[in-house]
There are 2 protein chains.
Amino acid sequence: MNAYIETNIESTSTILRALSNEHRLRIMMWIMDPEAHFSPQKDGDLVKDGVCVGFITEKIGLTQPTVTSHMKVLAKAGLVTSKPIKNWVFYKPQRANFKTALASLNDMLG
Amino acid sequence: MNAYIETNIESTSTILRALSNEHRLRIMMWIMDPEAHFSPQKDGDLVKDGVCVGFITEKIGLTQPTVTSHMKVLAKAGLVTSKPIKNWVFYKPQRANFKTALASLNDMLG
DNA sequence: GATCAATATAGATGAATGCCTATATAGAAA
DNA sequence: TTTCTATATAGGCATTCATCTATATTGATC
């Protein structure tokens with residue numbers, strides 16, 4: 001078989017699985033346009049640094065460990081990166097990887 | 001909240017979940033371009049009617065009930081429709097719904 | 001009408017998911 | 001160095017998913 005297509009199917013399905021959960025889809029939507037959905041943070045810029053776990057937790061109404069677990073799924077799929085500042089952790093979208101996934105979907109199914 | 005966005009999140013995540021399984025993603029890829037992946041069928045046109053369950057089952061190497069179950073997931077997500085001819089059932093992509101999902105993803109995250 | 005062929009349904013099982021509470025860790029501040 | 005705060009980890013539990021075997025259904029054919 002075609003190794004390129006196979007690798008592509010694997011990573012694409014990982015990304016789709018990450019986004020297939022309503023909470024995670026909502027979270028991605030929020031952090032893609034953080035200034036529209038969160039108020040400014042003290043120790044990290046919403047756009048430059050990302051959104052902290054606490055803000056997401058409060059907004060989505062799940063417990064903090066559950067949110068951390070969702071963020072890890074997004075991170076493993078390559079959709080976000082995390083950066084610790086003081087004792088916060090800020091999550092920021094990886095737009096390029098999202099765009100690549102959309103393009104793959106289009107290649108494969110479009 | 002915005003009912004439009006909420007409905008959208010629900011149906012989009014349903015479609016993403018349907019496509020997040022590697023087998024289903026592969027099947028969708030095949031039936032989107034059926035002539036590239038299957039040989040002609042006796043009682044149904046690959047493009048006009050769709051691909052029969054038996055062909056998919058043989059190509060993917062799972063059992064027939066498992067394939068039927070996958071096809072039902074795709075159908076529930078609105079990604080395929082089925083049409084019985086004689087005692088075959090042909091599955092055909094619903095391109096418009098797929099395109100809509102891609103567009104929603106772009107709206108929400110792009 | 002009996003048989004064959006293609007698909008669907010039923011039911012079981014193991015693995016993965018999503019959620020929680022309780023606790024650990026690590027940096028900041030007192 | 002004790003305490004506070006933000007996040008991570010551990011572990012348990014219920015639900016959903018992916019798969020199989022066995023069987024039912026339905027149309028075609030003999």
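Residue numbering restarts at 1 for every chain, and letters A, B, ... go by the order of the sequence lines.
- Spacing between atom NE2 of B:H70 and atom C1' of D:dT19 amounts to 8 Å, rounded to whole angstrom units.
- For the pair B:E22 CD and D:dA18 C1', the interatomic distance rounds to 13 Å; values are reported in whole Å.
- Distance, A:D49 CG to D:dT7 P: 13 Å, rounded to whole Å.
- Relative ring orientation between B:W30 and B:H37 is described as tilted, the plane-to-plane angle lying within the 30° to 60° band.
- No donor-acceptor contact under 3.5 Å links the side chain of A:N87 to the base of C:dA28.
- Between A:L62 atom CG and D:dT7 atom P the separation is 15 Å, expressed in whole Å.
- Residue A:T68 places at least one side-chain N or O closer than 4.0 Å to OP1 or OP2 of D:dA8.
- The shortest heavy-atom contact between A:T57 and A:T63 is CG2-C, 4.0 Å.
- Contacts of B:Y91 with the nucleic acid, taken as non-hydrogen atoms under 4.0 Å apart, involve only primed sugar atoms and P, OP1 or OP2.
- Taking atom NZ of B:K86 as the reference point, atom C1' of D:dT29 lies 11 Å away to the nearest angstrom.
- Ranking D:dT19, D:dA8, C:dA8 by closeness to the B:H23 side chain, first place goes to D:dT19.
- Relative to the side chain of B:T63, the nucleotides C:dT17, D:dA6, D:dT21 differ in distance, and D:dT21 lies closest.
- Ring geometry for B:H70 versus B:H23: interplanar angle of 30 to 60°, hence tilted.
- Put simply, the side chain of B:L109 reaches to within 4.5 Å of the side chain of A:L19, judged on heavy atoms.
- Residues B:F90 and B:D45 are not in side-chain contact: their nearest non-hydrogen atoms beyond the backbone lie 4.5 Å or more apart.
- If you check D:dC20, D:dT7, C:dG18 against the side chain of B:P65, the one that comes closest is D:dC20.
- Atom-to-atom, CZ of B:R24 to C1' of D:dC17 comes out at 8 Å; the value is rounded to the nearest Å.
- In this structure, B:S69 reaches the bases: a heavy-atom distance under 4.0 Å links it to at least one base atom across the strands shown.
- What separates CZ of A:R17 from P of C:dG18 is a distance of 10 Å, to the nearest Å.
- The CD-P distance, from B:Q64 to C:dA10, rounds to 14 Å in whole Å.
- Dashed line: the shortest gap from a side-chain N or O of B:T66 to OP1 or OP2 of D:dC20 is under 4.0 Å.
- OP1 or OP2 of C:dT17 has not a single side-chain nitrogen or oxygen of A:N21 nearer than 4.0 Å.
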